[in-house]
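Throughout, protein chains are lettered first and strands after them, A, B, ... in sequence-line order, and every chain is numbered starting at 1. Computed from heavy atoms alone, side chains included, the values below leave out hydrogens, waters and symmetry copies. It should be emphasised that the depicted structure is a prediction, and the values quoted were computed from it without experimental measurement.
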Number of protein chains: 2
Amino acid sequence: MAIPRLRFWSETIHLTLSGTASTNLTDKIGTTVDSTLAKGLRVLEELAASAHPRGVTELSRELALTKSNAHRLLRSLSHLGYVKSNANRTYEATLKVWQIGLKVIENLNINAIAEPEMQRLSDMTGEAIYLAVPDDLSVIYIDKVESTRPIRSFTPKGGSAPIHCVGTGKALLSANYGQLRNRIKERLVGYTDQTITEISKLDKDMAATAKRGYALDKGEYRENIYSFGATIYLPTGEAIAAIGVSAPNINLNKERIVTICQAVQSAATRVTQLLQTSNG
Amino acid sequence: MAIPRLRFWSETIHLTLSGTASTNLTDKIGTTVDSTLAKGLRVLEELAASAHPRGVTELSRELALTKSNAHRLLRSLSHLGYVKSNANRTYEATLKVWQIGLKVIENLNINAIAEPEMQRLSDMTGEAIYLAVPDDLSVIYIDKVESTRPIRSFTPKGGSAPIHCVGTGKALLSANYGQLRNRIKERLVGYTDQTITEISKLDKDMAATAKRGYALDKGEYRENIYSFGATIYLPTGEAIAAIGVSAPNINLNKERIVTICQAVQSAATRVTQLLQTSNG
DNA sequence: AATCATTGTTCTATATAATGATACAGACCT
DNA sequence: AGGTCTGTATCATTATATAGAACAATGATT
């Protein structure tokens with residue numbers, strides 16, 4: 001299986017998957033969007049995010065659609081296999097989206113290659129291990145090994161985090177800092193008092209990160225949660241992903257941090273090497 | 001590379017997603033389907049299944065769409081965040097579908113509950129462990145623990161198998177045999193010479209399965225691959241999933257089969273119990 | 001380098017196809 | 001039973017997606 005091109009830093013408009021229902025469907029950026037497609041996908045998203053089957057009126061209200069319109073869309077989605085209609089006149093998402101989504105991840109192909117290294121890091125540290133890919137000014141966690149310790153961390157698989165204040169993100173950021181600096185410059189949102197919100201400080205940190213070979217986040221995103229990350233490269237030199245460890249700082253001290261960081265770094269290096277040898 | 005069929009135990013009309021380009025989007029069964037939505041989703045599916053980014057004309061040919069039409073759909077999908085356009089004028093799927101799909105699985109909620117039991121079965125047997133849900137006359141594997149042995153089995157996570165000849169499937173089939181018998185009756189496709197293709201034999205097997213509490217597949221789907229399954233029930237009594245073990249028969253003998261089956265059965269029972277206590 | 005063959009993108013008239021109001025039919029509750 | 005919710009079907013209207021052609025940007029071949 002060939003190593004696919006990944007989605008990278010791009011001009012793609014980032015659409016948040018917020019749980020709030022109030023996203024307006026019509027106000028697009030100058031260009032028009034096929035409205036039926038947009039509405040249909042919103043219905044699907046809503047259904048996918050619901051823990052329970054939903055009714056037509058309910059959905060129509062939530063998405064600001066006509067009852068008839070919602071009904072028709074549900075019918076269509078049902079015919080297409082994305083939605084299942086229950087006997088009690090409710091609708092729910094089928095596993096079809098999931099199956100399609102799996103293919104996207106499979107085609108990424110990094111998962112499989114990185115998995116043993118992630119396991120290794122987990123065995124060694126017992127902390128949460130993340131595999132992340134860049135997504136505009138965020139990272140998305142495409143895989144995760146749960147911490148073996150009682151204290152669990154926040155971010156689930158599929159979740160995302162800002163690129164400038166988590167280990168994996170900072171590793172990826174430093175790898176493409178030239179391209180991204182100007183875009184991130186005015187968007188250095190603060191999350192804790194440790195978050196780097198000044199570009200001059202970020203400049204220094206990124207330089208240090210690049211030199212060091214791994215990234216450090218000392219509670220810059222979540223209070224008292226440290227994370228460390230290193231970049232995985234394609235044979236082409238593209239920074240395709242990052243591997244990282246996240247841990248509450250009570251579990252850490254200076255030497256343990258160094259040990260973990262070195263492990264993270266060598267894990268990333270190993271995955272990069274494996275990507276070399278695997279066929280292109 | 002066809003997308004697996006997805007069907008539920010419902011009145012949902014099934015639309016095949018063949019890989020061939022000739023799928024007619026308009027000839028529906030009386031009722032019409034929002035064509036824009038259908039086309040858009042097909043484009044997305046196609047892109048998700050591709051290992052490499054695709055061009056407009058290429059896609060338009062493959063899906064029998066106008067170049068303009070394909071282009072517009074891609075544009076829309078791009079605006080909606082489902083697709084990313086690259087600098088070299090190609091398009092690829094983003095991780096958004098995957099993220100949405102994850103939510104569907106998360107809301108299924110069985111995964112998390114069944115996982116420890118699956119792990120336990122894995123530790124005990126070293127064979128491949130599956131968690132499957134019914135999908136019309138198939139099962140879909142929603143989770144899997146890989147075999148620790150060198151010989152790996154076939155079916156990946158997200159994949160599907162016919163309900164009448166694999167362990168998990170037969171367990172689910174026996175749980176709903178009343179409803180499903182008539183439908184499966186004329187569709188007993190044979191895969192090996194062990195496959196049950198006569199309804200009378202299936203009747204007996206299902207009766208035995210129900211009595212026994214677990215299902216046996218002795219190479220009925222794949223030559224020399226045995227599998228065993230037991231049903232997981234919701235508090236409502238609905239057969240919602242099945243847990244199973246799959247192994248090459250060289251790894252097996254009579255007593256090991258019995259041991260494994262009992263383990264599978266008690267794993268399923270335990271998950272069922274956990275679903276009782278967990279909130280609905 | 002220059003031509004040629006492809007591919008991606010923009011534009012616009014046209015007709016298809018999605019839309020929302022209305023009406024009807026089952027639920028469910030009191 | 002009566003009333004008030006639901007979900008579903010119908011249909012005229014018009015917005016909206018569509019196809020086709022023209023243009024621009026490739027990049028391959030000579």
Self-check item: Side chains of Trp98(B) and Ile142(A) in contact at under 4.5 Å (non-hydrogen atoms)
Solution: yes
Quiz item: Do the non-hydrogen side-chain atoms of Tyr233(A) and Ile240(A) ever get within less than 4.5 Å of each other?
Solution: no
Quiz prompt | side chain to side chain contact (heavy atoms under 4.5 Å, CB included) against Leu202(B), all qualifying residues, sequence neighbours excluded | solution = Leu173(B), Tyr177(B), Ile184(B), Leu188(B), Ile196(B), Ile199(B), Met206(B)
Quiz item: Who pairs with Pro53(A) by side chain to side chain contact (heavy atoms under 4.5 Å, CB included), at least two apart in sequence or on another chain?
Solution: Asn86(A), Thr90(A), Glu92(A)
I'd like a table of atom pairs between the protein and nucleotides 10-16 of chain D - only N or O on both sides, under 3.5 Å - with the distance next to each one.
none

Exercise. Establish, yes or no, whether the cationic atom of Lys96(A) lies under 6.0 Å from the six-membered ring centre of Tyr82(A) and within 45° of the ring axis.
Key: yes
Please give, in whole Å, the distance from [N] [atom2] to [X] [atom1]?
X: His79(B); N: dT9(C); atom1: NE2; atom2: C1'; value: 13 Å
X: Leu77(B); N: dA17(D); atom1: CG; atom2: P; value: 13 Å
X: Asn69(B); N: dA15(C); atom1: CG; atom2: P; value: 18 Å
X: Lys39(B); N: dA19(D); atom1: NZ; atom2: C1'; value: 10 Å
X: Leu59(A); N: dT8(D); atom1: CG; atom2: P; value: 12 Å
X: His71(B); N: dA24(D); atom1: NE2; atom2: P; value: 15 Å
X: Asn86(B); N: dT7(C); atom1: CG; atom2: P; value: 18 Å
X: Glu58(B); N: dT9(C); atom1: CD; atom2: P; value: 13 Å

Quick one: which protein N/O atoms are closer than 3.5 Å to N/O atoms of nucleotides 23-30 of chain C? Pair and distance per line, please.
none

Quiz prompt | For Arg54(B), all residues meeting salt bridge (Lys or Arg N to Asp or Glu O under 4.0 Å), sequence neighbours excluded | solution = Glu46(B), Glu58(B), Glu62(B)
Exercise. With sequence neighbours excluded, tell me which residues meet salt bridge (Lys or Arg N to Asp or Glu O under 4.0 Å) with Arg89(A).
Key: none
Exercise. Would you mind telling me which of Val97(B), Leu59(B), Leu77(B) makes a side-chain contact (heavy atoms from CB on, under 4.5 Å) with Leu47(B)?
Key: Leu59(B)
Self-check item: Salt-bridge criterion met for Lys39(A) and Asp34(B) (N-O under 4.0 Å)
Solution: no
Exercise. Could you pick out which residue, Arg54(A) or Leu37(A), lies toward the 5' side of DNA chain D when each is mapped onto its nearest nucleotide?
Key: Arg54(A)
Self-check item: Tyr91(A) side-chain N/O to dT8(D) phosphate OP1/OP2 under 4.0 Å
Solution: yes
